[in-house]
Amino acid sequence: MNKYLYWITFVAVNGGLIFGLNMAGISGANDMIKNEFSLTDSGLGTVAALLTIGCLLGSLFTGNIADRLGRKTVMIITAILYILSALGCALATSSAILIFFRVLSGLAVGSTSVVGPMYISEISPAKKRGTLVSLNQFAITIGILLAYVFDFLLINLGDDSWRYMLVMPALFGFLYLVFLLIDFPESPRWLISKNKVEEAIKILRKIGGDEMVKTDLPEMKQIINSEKNREKISIGKLFKGSTGKVVLIGTLIAAFQQITGINAIIMYAPDIFQAAGSAQNDSLFQSMIVGLVNFLMTFIALRLVDTKGRKTLLLWGAIGMAISLGYLTYEFSKPIQNGFGVLIALLIYISFFAASFAPVMWVIISEIYPNKIKGIAMSFSTAISWLCTFFTIQFAPIIKGISFEYLFAIFEVFTILAFIFVKIWIPETKGKSLEQIEKELGLDNSR
């Protein structure tokens, strides 16, 4: 395989890595930020959660901007936003300034969640597309792991340790920007849509030689022409008839991915371990283990999703998550917690989530939405996912301020509901063509 293809894929997934750094990097800084700005539990939740409002806005508008300006241009903008937002967070002198730059960081994260997979899918040969696109999710878990490692290494640098933790995305953002500017091509598919065919041919030839030009270029032209002639779908039409049923299924699975607690647990893992009796340094080390397990299990999920099936992974994932959340609810109902048991339960929760809901949700919604609504429907579902993330992270500190027992119990209830929902409503799509999936969902007549 052409080394150049791997190079540009590596550059593209750097956005996902910084995505993970931003989502988890604040976890080791929560107590220091709370003390620095005299925040309540609600105020701390706002600082942590408003990043996701930026994510929501970024994910909603990036598709249109990328179609107008190009994928590479949007990536360059996100790299600049990563640098500016991280510097702003690190230098913040008030909670209001910190919140502003957290929202700015969220815009970059939300944009990355759309443009990264979009770009990789458009430059990849068909036989490698699934693997290469999946590397973006893999990079996010690496970013989460690195965030925990940096928090652990920086915690003893004094009262300003939190500033060093929050500045790390700026360093990686700078490298990302340099990579984008050195030798990184625009998407050939986008170039063709703008009638820059000769430029697209040069890039295709560099990626996969004359064979890729011969096999992929005609198909690209055909698909782009059909998209130009396709009737535009409005938001209102998404919720009618059989299409509305499928959009409801896709949106609910996107919501369940978040309201079962994953981002709250990722962001507040050190607080959970401290509540169970661990010292601050020990809690950060245990968080690194959580990040490592998340990374490893995502790798395993990439191997299982096409062999064991989507629905099977979701059902077993929900069972494992429910068992671990039930145990955590029990542990935090006691006056003194078993710290080792809490660590094992969290690792089980992370393992089952990373091998099921984390990657499979995106696979499901990309498969069940027909082409004519895929873009707008995926944007809608992604926006709902980020909105649920916001509420989860916003209210988690308030609930945990009362008792972690109630927090885990709420996530437990949502996980049980997720199991029931998947069992009844989610179709098994493994090994089926997109046309077959549409027919089974009753969409073949709604094209």
Side-chain angles (χ1 to χ4, degrees), residues 10 13-30 48 109 131 134-156 161 164-166 168-169 171-172 257 260-305 313 316-317 320-321 323-325 327-328 331 337-362 393 408 411:
F10 165 76
V13 302
N14 268 267
L17 186 146
I18 307 170
F19 175 148
L21 278 173
N22 274 283
M23 291 301 292
I26 198 172
S27 63
N30 285 326
V109 170
T131 300
S134 297
L135 289 175
N136 192 66
Q137 176 68 28
F138 199 47
I140 293 172
T141 65
I142 295 174
I144 292 171
L145 175 59
L146 285 176
Y148 286 144
V149 172
F150 289 139
D151 287 357
F152 176 73
L153 296 175
L154 297 171
I155 189 65
N156 292 320
S161 294
Y164 304 129
M165 295 175 185
L166 297 187
M168 296 310 297
L171 303 180
F172 286 85
Q257 186 201 50
T260 46
I262 183 60
N263 274 303
I265 288 174
I266 289 290
M267 282 194 176
Y268 299 115
D271 302 270
I272 295 170
F273 292 127
Q274 286 184 57
S278 297
Q280 189 175 43
N281 277 12
D282 291 339
S283 69
L284 291 174
F285 180 77
Q286 291 168 328
S287 297
M288 282 197 298
I289 298 175
V290 168
L292 179 62
V293 169
N294 185 36
F295 164 76
L296 294 174
M297 292 304 296
T298 300
F299 180 75
I300 292 173
L302 299 180
R303 291 180 169 272
L304 293 178
V305 68
L313 285 182
W316 280 105
M321 290 158 61
I323 291 172
S324 59
L325 288 169
Y327 175 80
L328 288 166
E331 274 297 331
Q337 287 74 47
N338 179 342
F340 181 74
V342 169
L343 172 62
I344 297 301
L346 277 180
L347 293 180
I348 292 173
Y349 171 88
I350 292 289
S351 296
F352 278 94
F353 180 86
S356 60
F357 281 82
V360 174
M361 185 276 281
W362 299 107
I393 297 172
F408 291 124
F411 293 152

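Given the structure is predicted, the values throughout are model-derived calculations rather than measurements. Just so it is clear, the values below take in all heavy atoms, side chains as well, and ignore hydrogens, waters and symmetry mates.
- To the nearest 0.5 Å, atoms CD1 (I265) and CZ (F353) are separated by 9.5 Å.
- Separating the OG1 atom in T141 from the CG atom in N136 is a distance of 10.0 Å, to the nearest 0.5 Å.
- Across I262 and Q257, no two heavy atoms sit closer than the pair CG2-O, 3.6 Å.
- With respect to S324, the side-chain contact (heavy atoms from CB on, under 4.5 Å) criterion is satisfied by exactly one of L347, I344, I348, L346: I348.
- Considering every non-hydrogen atom in both A354 and N294, the closest pair reads CB-OD1, 3.4 Å.
- The side chain to side chain donor-acceptor pair (under 3.5 Å) analysis of residues 13-22, with sequence neighbours excluded, yields the pairs N22-S105.
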(request) Check the pair L17, L21 against side chain to side chain contact (heavy atoms under 4.5 Å, CB included), reporting the backbone distance first and the verdict last. (result) CA-CA 6 Å; L17 186 146; L21 278 173; 3.9 Å; yes
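- Interatomic distance, T298 OG1 to I142 CD1, rounded to the nearest 0.5 Å: 9.5 Å.
- Atoms CG and CD1, from L135 and I140 in turn, are 11.5 Å apart once rounded to the nearest 0.5 Å.
- Here the CG-OH distance, from L292 to Y148, works out to 12.0 Å after rounding to the nearest 0.5 Å.
- Smallest separation of non-hydrogen atoms from L145 and M288: CD1-O, 3.4 Å.
- Closest of all the heavy-atom pairs between V293 and S351 is CG1-OG, 3.1 Å.
- Minimum interatomic distance between M321 and S356 (heavy atoms only, all atoms of both residues): SD-OG, 4.4 Å.
- A perpendicular orientation is assigned to the rings of F408 and F411, their planes being inclined by more than 60° (bins at 30° and 60°).
- Distance check: F352 CZ to L313 CG gives 11.0 Å after rounding to the nearest 0.5 Å.
- Contact detail for Y164 and M168: the closest heavy-atom pair is O-CG, 3.4 Å.
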(request) I would like to know whether I350 and M297 meet side chain to side chain contact (heavy atoms under 4.5 Å, CB included); could you show each step before the answer? (result) CA-CA 8 Å; I350 292 289; M297 292 304 296; over 6 Å; no
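- Of the possible polar contacts, one joining the Q337 side chain to the E331 backbone as a donor-acceptor pair under 3.5 Å is found.
- Remark: F138 engages F295, F299 in a ring pair (Phe, Tyr, Trp, His ring centres under 6.0 Å) (not counting sequence neighbours).
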